[in-house]
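Inspection log for the structure reproduced underneath, given as structure tokens.
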Amino acid sequence: MTETAPFPWSDKKIAAFRETLLTWYDQNKRDLPWRRDHKPYHVLVSETMLQQTQVQTVIPYYEAFLTQFPTVQALADAPQAQVMKAWEGLGYYSRARHLQEAAQQVVRDYAGNFPTTAVELQTLQGIGPYTAGAIASIAFNEVAPAIDGNAFRVFARLFCIEDDIAKPQTRAVFDCVIRRVIDPARPGDFNQAIMDLGSTYMRASDPDAEHSPVAAFDASFQSGRVLDFPVKTKKPRPVPIAYLALAIHSPAGWLFMQRPQTGMLGDLWMFPLIAEDELEETLAPARLQEAAQQFGAEAGTTLTLSDPGLRPVTHTFTHQKWTMTIVQAETDEFSLATLPARWVPEPELASLALPTVQKKLLRRMQLLKE
DNA sequence: CAGGCGTGGAC
DNA sequence: TGTCCAAGCCT
């Protein structure tokens, strides 16, 4: 479809689509925790967790998060470490930091009452065009599209839209189409119905377009090209990276470092890592000494290597594949340098926000169950 | 704009 | 094991 082509659906067809979609939704919508009410704070928390994350994964995190931080005020006032801990294992950790920042913005700039328009909502940290549209439509009945992966896929199929959804500029094409079709009487339900459709009959893999309630409106189905849509360029495969993970133990516990706020696994705690390409060969004791000195150990500190036999741990991220060789060492406690580092006794491991990759290391060392 | 940013499930 | 995917946002 080009920008100059006339809109392919008549007003009558648009009305029929809305009726069909919403009738199906009213009878078949999933019973999800965040559909119990339409409070903007609840919508914000759920939509943030749902970014690039499946419903099944989010449900327990959502329940626990709202128990711990029941109001936007409570989240704004909470210690940041507590928020990161609540996010542990969910991934994309900047979402947690941004979510709390947004709560603080609402408290500080809006006296605790959420702004009610998509345009204003987008000024809050972590809220982009999708989440703003979702909150505005669901909580405040604004006629605003909420264009996520489901909406891209559903409308690409309904209209056989060939534009590459991986390109940012494509959003405008879909925004234009959806504004034509969205039901102005029930924008929030319309957006959620599209998502339910996109996760059932019109899912990415193994779709069931034949039995879809909107099969009659589905141009890709009518032309036998369901799997040709949406058009989306593929992402590069993960780059392999080899690390040594330094598991340094003293009577005070294990040496952990807090990762920088920006970048991967920001604010979370891990063993110090050394990229293997920074090393000549395997880790000589002298190199371990050198590394320990960076954390504050004096030159004479004795480090005894232990348990060299652990198999490496692998962990794949979206864009990197890590292989980590664990180097365990025993030492006397030394005072840590200015780095964001701590000695962590084993009972306190549970109170730190640890990424899954760190938990894998601990499991391999049998310091964590499972 | 392109690329960075996690994790778990499905196949 | 590899590959792709899932209710995106930030820089």
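Throughout, a chain's letter reflects where its sequence line sits, starting with A, and its residues are numbered from 1.
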Using the P atom as the reference point in each nucleotide, state the distance between C:dC9 and B:dG8 in Å, no decimals.
22 Å
The side chain of A:Lys235 is closest to which nucleotide in this list: B:dC1, B:dC5, C:dC5?
B:dC5
Between A:His319 and B:dG4, does any side-chain N or O lie under 4.0 Å from OP1 or OP2?
no
Within residues 62-76 of chain A or reaching into it, pairs that qualify as salt bridge (Lys or Arg N to Asp or Glu O under 4.0 Å) - sequence neighbours excluded
A:Arg36-A:Glu63
Enumerate the residue pairs fulfilling salt bridge (Lys or Arg N to Asp or Glu O under 4.0 Å) with a member in residues 328-343 of chain A, sequence neighbours excluded, ordered by first and then second residue.
A:Arg342-A:Glu348
Starting from the 5' end of DNA chain C, give me the residue, A:Leu124 or A:Arg203, whose nearest nucleotide shows up first.
A:Arg203
Pick the closest DNA chain B nucleotide for A:Pro236 and for A:Gln169 by heavy atoms, then say which residue is nearer the 5' end.
A:Gln169
May I ask you to say what A:Trp322 touches in the nucleic acid, namely base, sugar-phosphate or nothing, with a heavy-atom cut-off under 4.0 Å?
nothing
Dot-bracket pairing map - DNA chain C, Watson-Crick plus G-U, both contacts under 3.5 Å, | cross-strand:
.|||||.||||
Would one find more than 12 heavy atoms of other residues, nucleotides or ligands at under 6.0 Å from atom NZ of A:Lys13?
yes
Verify whether one side chain among A:Tyr130 and A:Glu47 offers a donor that lies under 3.5 Å from an acceptor in the other.
yes
Starting from P on B:dC5, measure out to CD on A:Gln125 and report it in whole angstrom.
17 Å
Is A:Arg237 close enough to C:dT3 that one of its side-chain N or O atoms is under 4.0 Å from OP1 or OP2 there?
yes
How would you label the contact of A:Leu32 with the nucleic acid (heavy atoms, under 4.0 Å): base, sugar-phosphate, or nothing?
base
Considering only heavy side-chain atoms of A:Lys321, the closest of C:dC9, C:dG2, C:dC5 is C:dG2
Nearest-Å distance, CZ (A:Phe229) to C1' (C:dC5)?
20 Å
Ring geometry between A:Phe152 and A:Phe174 (parallel below 30°, tilted from 30 to 60°, perpendicular above 60°)
perpendicular
To the nearest angstrom, the NZ-P distance between A:Lys232 and B:dA2 comes to 15 Å
Within this structure, what is the CZ-to-P distance between A:Arg97 and B:dC5, rounded to whole angstrom?
12 Å
Value in whole Å for how far the C1' atom of C:dA6 lies from CZ of A:Phe152:
14 Å
Using the C1' atoms only, state how far B:dC1 lies from C:dC10, rounded to an integer number of Å.
13 Å
Here the ring-ring contact (aromatic ring centres under 6.0 Å, His included) pairs for residues 203-240 of chain A, sequence neighbours left out, are A:Trp9-A:Phe217, A:Phe17-A:Phe217
Does any pair with a residue in residues 85-94 of chain A pass salt bridge (Lys or Arg N to Asp or Glu O under 4.0 Å), and if so which ones, sequence neighbours excluded?
A:Lys85-A:Glu88, A:Glu88-A:Lys359
Can you measure A:Ile165 atom CD1 to C:dC5 atom P for me and round it to whole angstrom units?
9 Å
Can you establish whether the number of heavy atoms outside A:Asp37 located under 6.0 Å from its atom CG is more than 12?
yes
Ring-plane angle category for A:Phe159 and A:Phe155, please: parallel below 30°, perpendicular beyond 60°, tilted otherwise.
parallel
What string of B, S and - do you get for nucleotides 6-11 of chain B, 5' to 3', if B is base contact, S is sugar-phosphate-only contact and - is no contact with any protein heavy atom under 4.0 Å?
BBB---
Please classify the nucleic acid contact of A:Val55 as base, sugar-phosphate, or nothing, using heavy-atom distances under 4.0 Å.
base
Measure the distance from CD on A:Glu101 to C1' on C:dC9 and round it to the nearest whole Å.
13 Å
Decide if atom CZ of A:Arg237 counts as having more than 12 heavy atoms of other residues, nucleotides or ligands within a radius under 6.0 Å.
no
Expressed as a whole number of angstroms, how long is the span from A:Leu227:CG to C:dC5:P?
11 Å
Touch class at under 4.0 angstrom, heavy-atom based, for A:Arg153 against every strand present
sugar-phosphate
